[in-house]
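Values reported hereafter were calculated over all heavy atoms of this structure, with side chains retained and with hydrogens, waters and symmetry mates removed. Proteins get letters first, then strands, A, B, ... in listed order; numbering begins at 1 in each.
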There are 2 protein chains.
Amino acid sequence: MTSRTTISDVARAAGVSIKTVSRVLNKERYVRPDTREKVEAAVAALSFSPSLAARSLAGKRSFQIALIHDTHSPYYIHAIQEGVWARCREAGVRMLAQPVDIAAPTLIAEIAGLIDETHVDGIILSPPISDSLLVLHELERRRIPFVRISPGTNHTLTSSVFMDDVQAADDMTTHLIDLGHRVIGFIQGHPNHMASEQRLFGYRRALDRAGVPYEPGLVHAGAFDFASGVAAAHSLLSYPHRPTAIFASNDDMAAGVLAVAHGKGIAVPRELSVAGFDDTPLAQLVWPPLTTIRQPTRELGWAAAALLFEKRDELEHRSLPHELVARASTANPTQTSALRDLTTKPVSRK
Amino acid sequence: MTSRTTISDVARAAGVSIKTVSRVLNKERYVRPDTREKVEAAVAALSFSPSLAARSLAGKRSFQIALIHDTHSPYYIHAIQEGVWARCREAGVRMLAQPVDIAAPTLIAEIAGLIDETHVDGIILSPPISDSLLVLHELERRRIPFVRISPGTNHTLTSSVFMDDVQAADDMTTHLIDLGHRVIGFIQGHPNHMASEQRLFGYRRALDRAGVPYEPGLVHAGAFDFASGVAAAHSLLSYPHRPTAIFASNDDMAAGVLAVAHGKGIAVPRELSVAGFDDTPLAQLVWPPLTTIRQPTRELGWAAAALLFEKRDELEHRSLPHELVARASTANPTQTSALRDLTTKPVSRK
DNA sequence: CTGTTAGCGCTTTCAT
DNA sequence: ATGAAAGCGCTAACAG
């Protein structure tokens, strides 16, 4: 039974005390360069990885953060996880991806248990959890740092990262208008996500600007899933003032529109233009490929982690796509950094 | 600064020693029922969750397992994660979902670091990591329990869970033959995954049994992604002996076939039947919906965790879909349990 | 700049 | 059936 390699082994190998090894591990100042090198050599030679358990027990940090997400939308969660993990590994921090059910009555207990069990240093909330008041209150009560991804409410009250959904939906609608469409259907997202409202707002804003009259009958409810896209398409396509284009609030619903169009023998895009939102892989797997808007999901995850690590300055040294915005909590004075790049236009695929 | 609730707080509240609380927490025997109840009441009253850090430092277990997965195929990973997590929460064990890049030269170092840092009690490997010899050797060297999901090689040498790909592919091919098809194209999966070979074998076995001659020109390489499905479809559809049905080894590639068919104006399914494999949500999002085979991905995750917890007997008390098979390591004598249910047939969707 | 000492919150071992 | 003491591997607070 070979027991684990500990900091004492490293100290012995390097000929220093364990405290010095600890200093090197934690990148503290006041270590002579040659001492540091000796220790680093010993760490490498023994391929030593310090026990997180011991570190969190003894110290103030656990070197772990939690990413809390609902169990739906695999594409979205996957992209967020990738982004968060990328930033975490740079920082030498472990990411605990925790699926939860936002509707579960035990939600708070589960998150509280997670925090108590793991001592995570911070939490990232992805939508729709990022808008759960219960969760937000609990985290605030425990004074644990957290960042919300794409919250629908109170952006400014807490640290959060999000894209400009209004502008993006405006862009897409404008794109469709430029294509000559004047009767444009719109399928809303799930009411849980406030992005839904913002996308609708962007749609209306673009119509207004172009002088195209807004017609409530052209807007249909949806829930971000294929089935609601199908239902909405059936309804919109039998509307007397039948739309020549349908803009769905996400790709899954847009795929539903495509399916209905195919079923009814409506040629896409000749007789009907179909637009989605989020640019999931799905957009390219359906036929014809969707005109869609890229949501910088991976980057949102990356930025959320960066913000959590209080390295907001890093955001300014990276070019982030579309309208990714990161805000820090109002607890800090200078906190708003808004970044844009030039690739904000809707992406048309052939 | 309210400090954390500890086992001492619980002990005080219950009027017992911390050791007794520990006994209750660990479900040890030799605790008087009324004592146990007092402790449980105190735990609930204080909503106490023990520190995993302290537990892993002091004890032999960490109450954590790692799920190691490659970064591709969101649907698949998501389903696996769900299954593993479901079983873990039943067991009161934390799941650490760890994305890795199988091609990274640091793969082994990363996994070793993960183990050292977190003291995980066990590891679940999802494909294609489940076939990485380097990883397998490292885990064996460290004598850490692990379970492989859908390994392509040496099923019997280690604990693993998998479905019967040969039978499933045979089923689908038979289904197509029953539909009257005699010229059936086949698109292989990624060579990394041994499921690819088995699916091909099932295809050939069904052809043989039905007396349909095997034609190498009807089999095309693929890589489990949309693009390779597109490429294969172009090739197969211009083959002199043009197939009336194409069976792709997964849904993404089948979606690629659909796209090509649509582009060429080939009517599906009138002129060409398209079949997929895995029954991802994608199968229902394309048009027309794919005929596909359900892979019990979530159940595989569940079973992998169950096997890891050495509760193999549980497998026998649950009805698992399709041909889910769980094997324990040859280190244990009685290890093979094969389960089937009746819903093995390919799923035809309209 | 480096070392010593005292814990962190639990489980283990050994008493009783 | 329960408790007391020791210690897991590290960091914090001091010394020097």
Side-chain angles (χ1 to χ4, degrees), chain A residues 1-40 42-43 46 48-64 92 94 113 115-121, chain B residues 1-40 42-43 46 48-64 92 94 113 115-121:
Chain A
M1 177 76 193
T2 53
S3 66
R4 83 183 340 276
T5 303
T6 75
I7 196 173
S8 305
D9 300 325
V10 177
R12 202 172 311 117
V16 297
S17 76
I18 60 167
K19 177 65 228 190
T20 300
V21 178
S22 173
R23 286 207 172 85
V24 173
L25 254 31
N26 292 290
K27 304 196 201 312
E28 288 175 27
R29 291 175 317 179
Y30 308 130
V31 180
R32 279 220 321 267
D34 56 323
T35 310
R36 177 181 303 279
E37 278 167 32
K38 266 195 311 192
V39 172
E40 280 167 350
V43 166
L46 299 173
F48 169 70
S49 296
S51 157
L52 284 187
R55 296 183 96 177
S56 18
L57 204 52
K60 295 177 174 37
R61 312 165 56 194
S62 72
F63 301 90
Q64 301 186 121
R94 208 101 237 158
I115 296 170
D116 287 339
E117 283 186 357
T118 64
H119 311 221
V120 282
D121 297 326
Chain B
M1 178 74 193
T2 53
S3 64
R4 86 185 336 275
T5 303
T6 73
I7 196 173
S8 306
D9 301 325
V10 177
R12 203 173 310 116
V16 296
S17 76
I18 61 166
K19 176 64 229 190
T20 300
V21 178
S22 174
R23 285 206 173 86
V24 173
L25 255 30
N26 293 290
K27 304 196 202 312
E28 288 177 26
R29 291 176 318 179
Y30 307 129
V31 181
R32 279 220 319 266
D34 55 322
T35 310
R36 177 182 303 279
E37 278 167 32
K38 268 194 312 193
V39 171
E40 280 165 352
V43 166
L46 300 173
F48 168 70
S49 295
S51 157
L52 284 187
R55 296 184 96 179
S56 18
L57 203 53
K60 296 177 175 38
R61 312 165 54 193
S62 71
F63 301 90
Q64 302 186 119
R94 208 102 237 158
I115 296 170
D116 286 340
E117 283 186 357
T118 64
H119 311 222
V120 282
D121 298 326

Please state how far atom CD in A/Glu37 lies from atom P in C/dC1, giving the value in whole angstrom units. 14 Å
Is a side-chain N or O of B/Ser62 found less than 3.5 angstrom from the main chain of B/His119, in a donor-acceptor match? yes
Using a 4.0 Å cut-off on heavy atoms, which residues in residues 7-14 of chain A reach DNA chain C? List them by number, or say none. none
Can you tell me whether the side chain of A/Lys19 and the base of D/dA15 have a donor-acceptor pair closer than 3.5 Å? no
Give a yes/no on whether any side-chain N or O of B/Ser17 is located under 4.0 angstrom from OP1 or OP2 of D/dG3. yes
Take the protein atom CG of B/Leu52 and the nucleotide atom C1' of C/dC8, then report the distance between them rounded to whole Å. 15 Å
Rounded to whole angstrom units, what separation is found between the CZ atom of A/Arg4 and the P atom of D/dG9? 7 Å
Proximity to the side chain of A/Val16 - top-ranked nucleotide from C/dG9, D/dA13, C/dG3: C/dG3
Members of residues 21-32 of chain A that approach DNA chain C, where some heavy atom sits under 4.0 Å away: A/Arg23, A/Tyr30, A/Val31, A/Arg32
In whole Å, I'd like the distance from the CG atom of B/Leu46 to the C1' atom of C/dG9. 15 Å
Tell me: CD1 of B/Ile18 to C1' of D/dA6, nearest whole Å? 11 Å
A/Ala53 versus B/Ser56, closest heavy-atom pair with distance: CB-OG, 3.8 Å
So which atom in A/Thr20 and which in A/Val39 form the shortest heavy-atom distance, rounded to 0.1 Å? CG2-CG2, 4.4 Å
How long is the line joining CG of B/Leu57 and P of D/dA6, in whole Å? 18 Å
Quick one: closest heavy-atom pair of B/Phe63 and B/Leu52, and the distance? CB-CD2, 3.7 Å
So, OP1 or OP2 of C/dC1: does either fall under 4.0 Å of a side-chain N or O from A/Thr20? no
Report yes if the side chains of B/Leu25 and B/Val43 come closer than 4.5 Å at any heavy-atom pair, otherwise no. yes
Is B/Phe48 touching bases, backbone alone, or none of the nucleic acid, heavy atoms closer than 4.0 Å? sugar-phosphate
Calculate the interatomic distance between B/Arg36 atom CZ and D/dA1 atom P; express it in whole Å. 10 Å
Between A/Ser51 and B/Gly15, name the one whose nearest nucleotide on DNA chain D is closer to the 5' end. B/Gly15
Using whole Å, what does the distance between atom P of nucleotide C/dC1 and atom CG of A/Asp34 come to? 10 Å
B/Asp9 and B/Thr6: which non-hydrogen atoms are nearest, and at how many Å? OD2-N, 2.8 Å
Is a donor on one side and an acceptor on the other found under 3.5 Å between the side chain of B/Arg4 and the backbone of A/Asp116? yes
Categorize B/Thr35 for me: base, sugar-phosphate, or nothing, with a 4.0 angstrom heavy-atom threshold over every strand shown. sugar-phosphate
Hey, does B/Val24 have a side-chain heavy atom less than 4.5 Å from the side chain of B/Lys38? no
Within a reach of under 6.0 Å around CZ of B/Arg36, are more than 12 heavy atoms found that belong to other residues, nucleotides or ligands? yes
Smallest heavy-atom separation, A/Phe48 atom then A/Val10 atom, equals CG-CG2, 3.6 Å
